[in-house]
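Counting begins at 1 with the first residue of the sequence. Quantities reported herein were computed from a predicted structural model and do not represent experimental measurements.
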Amino acid sequence: MGWLHTARFLTTAPQLHFLPELDVPEIAFVGRSNAGKSTCINILTQQKQLAFASKKPGRTQHINLFALGKQGQTDAVLTDLPGYGYAAVPKQDKIRWQQVMANYLVTRKNLHAIVLMCDPRHGMTELDEILLDVIRPRVQEGLKFLIILTKADKLTRSEQAKVLSITKLQAGGGEVMLFSAPKRQGIEDVAKLLWKWAHPKGAANTADTAPEPQ
């Protein structure tokens with residue numbers, strides 16, 4: 001858990017070519033604009049305003065990178081991608097954001113894992129399914145991915161169990177976890193999994209000495 005608490009702003013970019021080339025593992029957070037992505041990032045990192053959580057979904061329009069690592073060193077990067085699918089956003093902006101995001105997911109060389117946020121009350125949407133199709137070739141090559149079912153406190157225990165079972169089938173080999181900020185549900189499990197993914201066996205020692213990206 002303490003590792004995620006070291007998150008600090010690295011850079012922001014409206015397009016891929018503005019992103020720095022990094023050689024540390026990158027973990028990207030994606031999801032619909034109202035799926036609770038920013039809130040989840042802030043809870044995991046214990047920083048209330050690290051990711052911009054707005055009452056008006058769709059406000060995040062840039063790719064935001066946050067460095068992770070103790071004692072000022074960087075051993076991984078957390079990426080907050082623009083939310084998608086919100087109706088109030090102009091159509092041309094939707095198309096542009098979705099294209100930028102798709103290009104990032106397909107071409108980002110150091111992308112190591114993807115975390116997809118999903119509101120379990122609505123289930124996997126068509127846009128979520130499209131995203132999974134986009135990353136499927138990279139998943140087959142070893143890319144890790146996790147579906148976080150946010151706002152789990154809005155469901156009864158039986159509803160949670162049902163949506164968890166359904167989503168695991170839809171995930172096609174990815175991990176699925178229930179998550180609730182108010183109930184503190186799933187926070188530690190998600191944190192442990194992200195740590196494991198960013199520090200594969202044999203890399204733990206070298207991660208501590210990874211240089212800070214410029």
Could you check Thr6 against Gln71 for side chain to side chain contact (heavy atoms under 4.5 Å, CB included), going step by step and ending with a plain yes or no?
-> CA-CA 9 Å; Thr6 66; Gln71 298 179 335; over 6 Å; no
As an exercise, state the distance from [atom1] of [X] to [atom2] of [Y], rounded to the nearest 0.5 Å.
X	Y	atom1	atom2	result
Asp23	Thr74	CG	OG1	10.5 Å
Phe29	Ile27	CZ	CD1	7.0 Å
Ile148	Leu146	CD1	CG	4.5 Å
His199	Leu194	NE2	CG	11.0 Å
Lys151	Leu149	NZ	CG	12.0 Å
Phe145	Leu131	CZ	CG	9.5 Å

Do [X] and [Y] share a hydrophobic cluster, counting only Ile, Leu, Val, Met, Phe, Trp and Tyr and linking them when any side-chain heavy atoms are less than 4.5 Å apart?
X	Y	answer
Val30	Leu16	yes
Phe9	Trp3	yes
Leu111	Phe18	no

Tell me every residue that passes side chain to side chain donor-acceptor pair (under 3.5 Å) with [X], counting only those two or more places apart in sequence or in another chain.
X	value
Gln140	none
Arg138	none
Ser165	none

Got [X] and [Y] here, is their nearest side-chain heavy-atom distance under 4.5 Å?
X	Y	value
Leu22	Leu10	yes
His5	Leu68	no
Ile63	Leu19	yes
Leu65	Thr12	no
Val77	Phe66	no

Are side-chain N/O atoms of Gln99 and Tyr104 paired as donor and acceptor at under 3.5 Å?
-> no
Flag for Asn110-Glu26: side-chain donor and acceptor within less than 3.5 Å = yes
If you look at every heavy atom in Ala198 and Pro25, which pair is closest and at what distance?
->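 Ala198 and Pro25 have their closest heavy atoms at O-CG, 3.7 Å.
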Met124/Ile147 under side chain to side chain contact (heavy atoms under 4.5 Å, CB included): CA gap, chis, key distance, verdict | CA-CA 10 Å; Met124 296 283 290; Ile147 298 176; 4.1 Å; yes
Sorted by first residue and then second, give each side chain to side chain donor-acceptor pair (under 3.5 Å) pair with at least one member in residues 123-136; sequence neighbours left out.
-> Tyr84-Asp128, Thr125-Asp128, Asp133-Arg136
Checking [X] side chain against [Y] main chain: does a donor-acceptor pair fall under 3.5 Å?
X	Y	answer
Thr45	Ala7	no
His112	Trp197	yes
Gln160	Arg157	no

Give the table of side-chain donor-acceptor pairs shorter than 3.5 Å for residues 171-183, with sequence neighbours excluded, one pair per line with atom names and distance.
unit_1: Ser180; atom_1: OG; unit_2: Asp153; atom_2: OD1; d: 2.8
unit_1: Ser180; atom_1: OG; unit_2: Lys183; atom_2: N; d: 3.2

Less than 3.5 Å apart, which donor and acceptor atoms pair up between the side chains of residues 114-121 and the rest of the protein, not counting sequence neighbours?
unit_1: Asp119; atom_1: OD1; unit_2: Arg121; atom_2: N; d: 3.0
unit_1: Asp119; atom_1: OD1; unit_2: Arg121; atom_2: NE; d: 3.1
unit_1: Asp119; atom_1: OD2; unit_2: Arg121; atom_2: NE; d: 3.4
unit_1: Asp119; atom_1: OD2; unit_2: Arg121; atom_2: NH2; d: 2.8

Candidate pair Val100 and Leu81, rule side chain to side chain contact (heavy atoms under 4.5 Å, CB included), full reasoning | CA-CA 9 Å; Val100 169; Leu81 292 171; over 6 Å; no
